[in-house]
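Just so it is clear, the values below take in all heavy atoms, side chains as well, and ignore hydrogens, waters and symmetry mates. Here the structure is a predicted model, which means the values were calculated and not measured.
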Amino acid sequence: MAPTGASASYVLQPGTSGQALAAPGWLRDNVGALIGVPLRIVLIVVGAAIVRAVAKKAITRVVQRILQPSDGGNEPRRTGRGPAVLQRDRSRANERREQRARTIGSVLSSAVTIVVGLMAMAMVLDQIGIALGPLLASAGVVGLAIGFGAQSLVADYLSGMLIMMEDQYGVGDSVDLGEAVGEVEHVGLRLTQIRDLNGGLWHIRNGEILRVRNDSQEWARAVLDISVAYDANLDTVYSVLEKTGNEMRQDPEFEGILLEDPSVWGVQSLDADGVVVRLAVKTVPLKQWGVTRELRRRAKTALDAAGIEIPFPQRTVWMRTDSDATAAAGGNGHGNGNAETPAATAGRR
C-alpha cells in the first residue's frame with residue numbers, strides 16, 4: 001500500500017498491526033503528562049527544601065541573637081558588684097539564654113518543617129490528580145475534634161512558648177506562682193518545675209500560670225521594720241540606723257551585695273507597743289533575705305548601744321486570791337455594794 005499524500009508519515013506493511021502503530025502516537029499525545037508532571041513534582045520538592053533551608057537559616061540567626069548578651073558582652077550595668085557576684089550572674093544569664101534559644105529554635109524549626117511539608121504534599125497530590133477537597137474536609141473535622149479534646153494541652157504549649165520568648169523566668173530564679181513558691185528547676189513548653197523551701201517539687205502546667213512574681217531579675221530590696229519605744233527620739237533612731245546600714249555596706253563581707261546605701265524611709269506605723277520605723281536597701285537578686293537578717297542583728301546591737309529601747313508587748317495582769325474572792329462575795333451578800341477586788345499583783349510580761 002503506497003502513501004496517498006505528502007503528509008503520510010508511515011507505511012503499513014503487510015503483517016503489521018494497528019496497535020503497534022498507535023503506540024508512538026499515544027506517546028506523542030501524552031508526552032506532556034509523562035514528563036511535565038514528574039518535573040513539576042520535582043520542582044515542588046526542591047522548592048520546599050529551599051524554603052525550609054532559608055527558614056532554618058533565619059531561625060538560626062534568631063537563636064544566635066538570643067544567645068548574645070543584651071549589653072554586647074560587656075560588664076553588667078549594675079555597679080558595686082564583686083567578682084564572685086558578677087561571675088555567678090553571668091553564668092546564670094548564659095544558662096537561661098541557652099535554654100531559651102534551644103527551646104525556641106526547636107519549636108520554630110519543627111513548625112516550619114510541618115507547614116512546608118504539608119503545603120508541598122498538597123501541591124504534589126494536586127499534580128497527580130487527587131482531589132484535595134474531601135481530604136481537607138476530613139482533616140478539618142479531625143482537627144476540630146482534636147482541638148476540643150486537647151485544648152488545655154494547646155494552651156499549655158502556647159503559654160510555655162510565651163513564657164520563654166518573654167523571659168518571664170528561667171532556671172535558678174526564685175518565683176511566686178501562687179501556691180508554688182520557690183526556685184525554678186526546669187522550664188518546658190508544657191510544665192514548669194518549682195522546688196519549694198521544704199524541698200517539695202511542684203509540677204505546674206504552664207496554661208494554669210496566671211501571674212508570676214520573679215525575685216531574681218535585675219535587683220531586689222531588703223525591707224526591715226524596726227519597732228522603738230514611744231519615748232525614743234526619732235532623729236536619733238534615724239541616725240543610728242543609717243550609720244549601721246552604711247557600715248554594713250562598707251563591710252568586705254557584703255561588698256558587691258548592697259547596690260546602694262541603706263535609707264530610712266521613716267515611720268511606717270504607730271502600733272500599740274511602739275513606733276515602727278522602716279529601713280530599706282537595694283541588693284543583688286536572691287540576697288535580700290540574708291541582708292535583712294544581718295541588718296536586723298546589727299540594728300539591734302546599735303540600738304542597744306545607743307540606749308534606745310526596743311519595746312515588747314506589755315500587759316497588766318490582775319490576780320485575785322481566795323480570801324479576796326470570799327470578802328467580795330460577803331460584801332455583796334450584805335448589800336454593801338462598794339467592795340472592790342484588790343489588785344494583788346500587777347506586772348509586765
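Neither W265 nor L258 shares a network with the other; the hydrophobic side chains, linked directly or stepwise wherever heavy atoms of I, L, V, M, F, W or Y lie under 4.5 Å apart, form separate groups for each. A continuous path of Ile, Leu, Val, Met, Phe, Trp and Tyr side chains, each step under 4.5 Å between heavy atoms, connects L270 with L279, placing both in one hydrophobic cluster. V51 is not connected to L118 by any chain of hydrophobic side-chain contacts under 4.5 Å among Ile, Leu, Val, Met, Phe, Trp and Tyr, and they are in different clusters. Under a hydrophobic clustering in which Ile, Leu, Val, Met, Phe, Trp and Tyr are joined whenever their side-chain heavy atoms come within less than 4.5 Å, directly or via other members, L191 and V171 fall into different clusters. Two different hydrophobic clusters hold Y157 and L162 under the rule that ILVMFWY side chains link at heavy-atom gaps under 4.5 Å.
Minimum heavy-atom separation, A48 to V116: O-CG1, 3.5 Å. When all heavy atoms of N206 and G188 are compared, the pair lying nearest together is ND2-O, 2.8 Å. When every heavy atom of P285 is checked against every heavy atom of A220, the shortest pair comes out as CA-CB, 4.2 Å. In plain terms, the two heavy atoms of A222 and T283 that are nearest each other are CB-CG2, 4.2 Å. Taking all atoms of both residues into account, the shortest heavy-atom contact from A299 to T244 is N-CG2, 4.0 Å. Of all heavy-atom pairs spanning S159 and G207, the tightest one is OG-CA, 3.7 Å.
A donor-acceptor contact shorter than 3.5 Å links the side chain of D176 to the backbone of G178. Listed for the Q288 side chain is a donor-acceptor partner under 3.5 Å among the backbone atoms of L286.
Here R213 pairs with D215 under the side chain to side chain donor-acceptor pair (under 3.5 Å) rule; sequence neighbours left out. Residues meeting the side chain to side chain contact (heavy atoms under 4.5 Å, CB included) test with S227, sequence neighbours left out: V276, P311. By the side chain to side chain donor-acceptor pair (under 3.5 Å) test, D261 pairs with R249, sequence neighbours left out. Remark: I310 engages K300, L303 in a side chain to side chain contact (heavy atoms under 4.5 Å, CB included) (not counting sequence neighbours). Under the rule for a side chain to side chain contact (heavy atoms under 4.5 Å, CB included), the partners of M121 that lie at least two apart in sequence or sit in another chain are L125. For Q193, the side chain to side chain contact (heavy atoms under 4.5 Å, CB included) partners two or more places apart in sequence, or in a different chain, are H186, L201, H203. Residues forming a salt bridge (charged side-chain N to carboxylate O under 4.0 Å, His left out) with R278 (at least two apart in sequence, or on another chain): D225. Residues satisfying the salt bridge (charged side-chain N to carboxylate O under 4.0 Å, His left out) criterion with R297, sequence neighbours excluded, are E294.
Side-chain contact annotation: N214 with D173, donor-acceptor N/O pair under 3.5 Å present. Looking only at atom types and distance, the side chain of R52 has a donor-acceptor partner in the side chain of T113 under 3.5 Å away. In this model, no donor atom of one side chain and acceptor atom of the other lie less than 3.5 Å apart for S174 and Y169.
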Quiz item: Would V187 and M164 satisfy side-chain contact (heavy atoms from CB on, under 4.5 Å), going step by step from the backbone distance to the final call?
Solution: CA-CA 8 Å; V187 181; M164 292 187 179; 3.7 Å; yes
Practice problem: Dump the intermediate steps for side-chain contact (heavy atoms from CB on, under 4.5 Å) on D251 and R298, then the final yes or no. | Solution: CA-CA 12 Å; D251 191 337; R298 296 190 179 209; 2.6 Å; yes
Quiz item: Stepwise, does the side-chain contact (heavy atoms from CB on, under 4.5 Å) test hold for W289 with K287?
Solution: CA-CA 6 Å; W289 302 291; K287 294 296 182 180; over 6 Å; no
Self-check item: Intermediate values then yes/no, side-chain contact (heavy atoms from CB on, under 4.5 Å), E208 and S152
Solution: CA-CA 9 Å; E208 295 181 345; S152 60; over 6 Å; no
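Cluster partners of I50, by chain and number: V42, V46, V54. The rule joins Ile, Leu, Val, Met, Phe, Trp and Tyr whenever side-chain heavy atoms lie under 4.5 Å apart.
A salt bridge (Lys or Arg N to Asp or Glu O under 4.0 Å) check over residues 187-199, counting only residues at least two apart or in different chains, returns the pairs E185-R195. Listed by first and then second residue, the salt bridge (Lys or Arg N to Asp or Glu O under 4.0 Å) pairs involving residues 105-119 amount to none (not counting sequence neighbours).
Atom CD1 of residue I163 and atom CD of residue Q168 lie 5.0 Å apart, to the nearest 0.5 angstrom. The CD1 atom of I44 lies 4.0 Å from the CE atom of M123; values are rounded to the nearest 0.5 Å. Taking CZ of R221 as the reference point, atom CG of L259 lies at 10.5 Å (rounded to 0.5 Å). Distance CH2/W202 to CG/L177: 10.0 Å, rounded to 0.5 Å. Here R61 contributes atom CZ and K56 contributes atom NZ; the two are 15.0 Å apart, rounded to the nearest 0.5 Å.
With contacts defined as side-chain heavy-atom distances shorter than 4.5 Å, the pair I194/V181 does not qualify. The shortest side-chain heavy-atom distance between I209 and I204 falls under the 4.5 Å cut-off.
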Show the atom names and distances, to 0.1 Å, of all donor-acceptor pairs under 3.5 Å that link a side chain in residues 229-242 to residues at least two apart or in another chain.
residue: Y230; atom: OH; partner: D271; partner atom: O; Å: 2.5
residue: N233; atom: OD1; partner: D235; partner atom: N; Å: 2.9
residue: N233; atom: OD1; partner: T236; partner atom: N; Å: 3.4

